[in-house]
Amino acid sequence: MKKITGVLIMLLVVGLVNGFAQEGPDLADEYFKKGEFEKAYTIYQKLMKTGASKQLISQYVESAVKLNKIADAEKVIRRLIKSDDKNPYVLLQAGVLEESRNDSAKADVYFNKAMSVASSNVNGLPELAQDFAEKLKATWAIKVLKKGREQSREPLAYAGELARLYGAVGQKENMIDELLHWGLIPGNRDNVQAMLQDNLKDADQKMLETVLYKKVQENPNEMFYTEMLVWYLTQKKEFYKAFIQERALDKRLKLTGVRVYDLGAVALQNKDYKNAAAMFEYVAKEYPQGQLYAFARRLVIKAREEQVKNTYPVDNSEIRKLIADYQKMFQELGKNNRTLEALRSTANLYAFYLDEKDTAITILQLATEISKNEKAFIDRCKLDMGDIYLLKGEPWEATLLYSQVEKSQKEELLGYEAKLRNARLHYYKGEFELSKEVLDILKQATSREIANDAGALSLLIMDNTGMDSDSNETAMKEFASIELMLFQNKVDSAALALNQMYAKYKDHSLADNILWLRANTLIKQNKIDEALQDLEKISANYGEDVLGDDALFLTAKTYEENKQDKPKAMELYNQLLQKYPGSIFGADARKRFRALRGDTIN
């Protein structure tokens, strides 16, 4: 009997505990999340008598407002204030209740009192600001943090938090100002750039530029502001404006040209050859005894060289001027380890533009003798010499040199490059099966660029050398011979041959490839409208084939860079992202689209 009684008591206790759990905060929260506010409110009302956490108070008040039981909630909140009038969160909730009555004046009284109470605690104000932010009261959160900054006497206090809050209420200029304050704290620059990128759109760009120029003028010795302005201008590809800022900072702080040199490298990479040359020239002129002098001296000529090579038709007299500039540099600096790359450049100018192939090989041989044990440089020269032997029509000499580099640089990027050149050489000679074997190995290469090039050429061979082998191989050999002409810089001859080939093979499986090669050749000839016609033919007739995304991307890029038609380029980049979501050009198209739209990009 005693045992039975004990069991009954235990069951009763368990039942009571379970009943309490059922009426506890977890159940109330569950009702609250589901929007069953009546049930949640009933439990919260009971729980408020036993003590209250922030979450409990918040959800109790919100439930009361939803159910229009504001008077009941006010009694509970007043009781909490009476028992502890130093709790800023309870005062905040009292203000929320007044707001629900549309009494903003009384609400402000409570909010100000909450701020006054919080200011007596070292962490009170930032915590209260967070509470206001969670209630979507960004304007009050800003007031609280500004009071906290004033109280701390730290002019940069809470800059990051204030920037986010200003962004939330659409006060972009104040957001920018606070972000730039925040960036003065070491380690925050990347975060500042990311927030600007995420929050500023096209309409805000001029504002950012104006604020940055003002900051630079007011604080000429503060590098951070100039860094930010240069970053902004670089994203906009306004390299000349960026150069002016870097040059002024360099002179003012005596930075030995390092930052100007780095900016020049970025401009060169972005094909702004004119401004890149100006930057390298500045470094060479201002710091003739500096460590960067020899590099800057070479890159001045290199930037001009790229400009000449990318202006069709290439002016041979300009090529000779470039060679003369390199020769002057050799006279000044000598032919040594510092001028090895300049020797390579000179050799390639002789070979590819002046048709002086033997002179080019002599220069490269000299460069390899000077470099002695610099294996990678020697192998790059061997690749150059292989290319020149291919220009001379001596493929066996070319493949011998490529193979030497393959062996010397096995499993290295240069080795893969040599293997790719050997595969292309087989292709030019019409040895398609042998070429494809090498290309299929290279598709697994560590370099994405080499793997992509190998994959594209392998696919071209596979698609166009098949069952009807005689006619297909004849067409492929013609096509490969034209590609060899282009490699040999015989652009006009290649263009004429492509016209003839397209007329002959308009209905062949190679037709889209012929159009693609002709479009690229026409761009080299600066015949932009004709090139666009060929690219549009590919998009219209072969859009679902392998060159569909290539053609659309090049069309967009041509409208951007050659036609300077921003809206059309944006339309086409967006079209590519929609039509070819898995394209290898997707990331670049997205980046270009955002840059044209005016977003700042990391």
Side-chain angles (χ1 to χ4, degrees), residues 16-104 106-145 147-148 158 160-162 164-165 167-169:
L16 288 170
V17 170
N18 286 337
F20 180 76
Q22 287 170 1
E23 291 292 309
D26 290 345
L27 182 60
D29 291 345
E30 193 64 33
Y31 285 138
F32 184 86
K33 286 175 189 172
K34 289 178 179 178
E36 297 179 25
F37 298 111
E38 187 72 58
K39 293 178 181 177
Y41 177 79
T42 302
I43 301 173
Y44 286 143
Q45 184 87 339
K46 293 174 185 176
L47 292 171
M48 289 291 289
K49 296 174 183 176
T50 60
S53 66
K54 277 187 177 183
Q55 183 177 332
L56 176 56
I57 297 171
S58 174
Q59 292 181 181
Y60 168 68
V61 168
E62 190 171 338
S63 299
V65 171
K66 297 273 187 189
L67 299 168
N68 200 25
K69 296 186 177 183
I70 298 164
D72 291 342
E74 276 184 330
K75 290 175 185 175
V76 173
I77 293 299
R78 282 187 194 133
R79 177 173 55 78
L80 289 176
I81 293 172
K82 191 173 181 181
S83 63
D84 180 9
D85 63 353
K86 301 299 182 187
N87 186 332
Y89 193 74
V90 176
L91 293 164
L92 184 156
Q93 292 296 335
V96 169
L97 285 170
E98 294 298 345
E99 272 191 336
S100 70
R101 293 182 184 279
N102 295 318
D103 194 337
S104 58
K106 282 188 179 178
D108 287 356
V109 170
Y110 278 117
F111 292 154
N112 279 313
K113 192 170 181 182
M115 188 161 57
S116 176
V117 168
S119 65
S120 63
N121 186 325
V122 67
N123 295 316
L125 287 170
E127 188 177 338
L128 180 62
Q130 180 63 32
D131 293 333
F132 271 119
E134 286 175 2
K135 288 292 174 186
L136 304 179
K137 299 186 183 307
T139 303
W140 273 98
I142 290 167
K143 286 182 185 178
V144 172
L145 287 178
K147 184 175 179 67
Y158 313 119
E161 294 91 333
L162 280 165
R164 290 186 185 90
L165 290 165
V169 296

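These numbers come from the heavy atoms of this one structure, side chains and all, not from hydrogens, waters or symmetry mates. We number each residue from 1, following the sequence as shown. Remember, it's a predicted structure, so these values are computed and weren't measured experimentally.
In this pair, Phe132 and Phe111 present their aromatic rings perpendicular. The plane angle is above 60°, beyond the 30 to 60° band.
Residues meeting the ring pair (Phe, Tyr, Trp, His ring centres under 6.0 Å) test with Tyr158, sequence neighbours left out: none.
If you take CH2 on Trp140 and CG on Asp108, they are separated by 4.5 Å, rounding to the nearest 0.5 Å. Here Leu47 contributes atom CG and Thr42 contributes atom OG1; the two are 11.0 Å apart, rounded to the nearest 0.5 Å. Atom CZ of Arg101 is separated from atom CG of Asn68 by 9.0 Å, given to the nearest 0.5 angstrom.
Residues Leu145 and Leu125 form no side-chain contact, since every pair of their non-hydrogen atoms from C-beta on lies 4.5 Å or further apart. Contact annotation: the side chain of Leu80 never approaches that of Asn87 to less than 4.5 Å [non-hydrogen atoms, C-beta and beyond]. In this structure, the side chains of Ser119 and Lys147 come closer than 4.5 Å at one or more pairs of heavy atoms. At a threshold of 4.5 Å between non-hydrogen side-chain atoms, the residues Pro88 and Met115 do not count as touching. Looking at Lys143 and Asn112, their side chains never come closer than 4.5 Å, going by heavy atoms from C-beta outward. Using a 4.5 Å heavy-atom cutoff, the side chains of Ile57 and Ile77 are in contact.
The shortest non-hydrogen separation linking Glu99 to Ala107 is CG-CB, 3.5 Å. Of all heavy-atom pairs spanning Lys86 and Val117, the tightest one is O-CG1, 3.1 Å. Taking each heavy atom of Ser58 and Lys135 in turn, the nearest pair found is OG-NZ, 2.6 Å. Between Ala141 and Ala129, the closest heavy-atom pair is CB-O, 3.4 Å. Across Leu91 and Tyr110, no two heavy atoms sit closer than the pair O-CB, 3.4 Å.
Residue Lys54 qualifies as enclosed at atom NZ: its count of foreign heavy atoms under 6.0 Å is above 12.
Residue pairs meeting the salt bridge (charged side-chain N to carboxylate O under 4.0 Å, His left out) criterion with at least one partner in residues 60-73, sequence neighbours excluded, are Glu38-Lys69.
Using a distance-only test at 3.5 Å, with no hydrogens or angles considered, a donor-acceptor pair links the side chain of Ser100 to the main chain of Leu97.
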